[in-house]
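The next block holds one structure in the form of structure tokens; read it before the comments.
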Amino acid sequence: SDTGLKRILKLSFFYHLLQVSVGNKKVWQKIATEFIKPQKDMRILDIGCGTSGILEFLHGYDIQYSGFDFNDKYIKNSTKRWSHLGRYYFFCKSTNDIDVSENGSFDVVVAINLLHHLSDVEVDRLINHAHKLIKPNGQMIVCDPCRFSDMSFFERFMVKHDRGRNIRYLDEYKQFF
């Protein structure tokens, strides 16, 4: 049962506010500009898109963006904020419901702050499905929090209280790729 902060974070406004306050705006900008490098007609799939904050740095490039998340409030927020501004499509789906009928149709698949919410079996399934969706010269970009041996008090606190219960060490993440 979700209580306290976890319950509040189900609301898109508070979720987005937390994402911005912990520095994810810089993460979105770095991923967009240094890794995705958007180009006209690029097709991007954002798995676990949340409130689609990365679109702040992709908007204006005439891309096609498809985002999905299991939280319907996040999807409604994203749809209201972005869908009228471009070819941006949003779907309320679980990572277990990825449609692989569009095999090889995305230039980029991103999963930002998602894997630590999934079990090892779910991560394996997600990675396998994502690879089927990527064009031959496409890429998958993953960004997730990591555990490490000399974490500060604040970092240990954040890991302990994160909604994602599977924050892994870097070597544990590497096993999926």
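Since the structure is predicted, the reported quantities are computational estimates derived from the model, not experimental observations.
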Any residue meeting side-chain contact (heavy atoms from CB on, under 4.5 Å) with F157, in chain and number order, not counting sequence neighbours: H161

F177 atom CZ, over 12 foreign heavy atoms within 6.0 Å: yes

Q175 and D120: CA distance, side-chain angles, deciding distance, side-chain contact (heavy atoms from CB on, under 4.5 Å) verdict: CA-CA 10 Å; Q175 75 180 345; D120 288 356; 4.0 Å; yes

With sequence neighbours excluded, residues passing side chain to side chain donor-acceptor pair (under 3.5 Å) with E155: S152

Separation of M42 CE from I36 CD1 (nearest 0.5 Å): 7.5 Å

Which atom of I167 lies closest to which atom of C146, heavy atoms considered: CG2-C, 3.8 Å

Test side chain to side chain donor-acceptor pair (under 3.5 Å) applied to E34 - qualifying residues, sequence neighbours left out: K30

Student check: side-chain heavy atoms of S66 and F106 closer than 4.5 Å: yes

More than 12 heavy atoms from other groups under 6.0 Å of CZ on F154: no

Shortest non-hydrogen contact from G48 toward D69: C-OD2, 3.4 Å

Side-chain donor or acceptor of R168 paired with backbone N/O of L115 under 3.5 Å: yes

Non-neighbouring partners of Y88 that pass side-chain contact (heavy atoms from CB on, under 4.5 Å), sequence neighbours left out: L55, H59, I63, Y65, W82, L85, F90

E122 and L126, any side-chain heavy atoms less than 4.5 Å apart: no

Interatomic spacing from CG in L45 to CD in Q64 - rounded to 0.5 Å: 10.0 Å

For P38 against L58, the heavy-atom pair lying closest together: CG-CD2, 3.8 Å

Inter-residue atom distance C49.SG - F91.CZ, 0.5 Å rounding: 10.0 Å

Side chain to side chain donor-acceptor pair (under 3.5 Å) involving R125 - partner list, sequence neighbours excluded: N96

All side-chain contact (heavy atoms from CB on, under 4.5 Å) counterparts of K135, not counting sequence neighbours: D107

Set of residues satisfying side-chain contact (heavy atoms from CB on, under 4.5 Å) with respect to S149, sequence neighbours excluded: none

Check: H117 and N166 side chains under 4.5 Å, non-hydrogen atoms: no

Q39 atom CD, neighbour heavy-atom count above 12 within 6.0 Å: no

Sequence neighbours excluded - salt bridge (Lys or Arg N to Asp or Glu O under 4.0 Å) pairs with any residue from residues 141-152: none

Point-to-point distance, once rounded to the nearest 0.5 Å, from NZ of K73 to SG of C92: 10.0 Å

Side chain proximity check, K25 to F57, heavy atoms < 4.5 angstrom: yes

Rounded distance (nearest 0.5 Å) linking atom CD of E56 with atom OG1 of T51: 8.5 Å

CG on N71 to OG on S78, rounded to 0.5 Å: 9.5 Å

F70 atom CZ, neighbour heavy-atom count above 12 within 6.0 Å: no

Salt bridge (Lys or Arg N to Asp or Glu O under 4.0 Å) contacts touching residues 37-47 (sequence neighbours left out): K40-D62, D41-R87, R43-E102

Exercise: identify the closest heavy-atom pair between P145 and N113: CD-OD1, 3.6 Å

For D124, all residues meeting side chain to side chain donor-acceptor pair (under 3.5 Å), sequence neighbours excluded: none

Test item: V110 and I47 side chains (from C-beta on) under 4.5 Å apart, heavy atoms: no

Shared hydrophobic cluster, Y169 / Y173 (ILVMFWY, side-chain heavy atoms < 4.5 Å): no

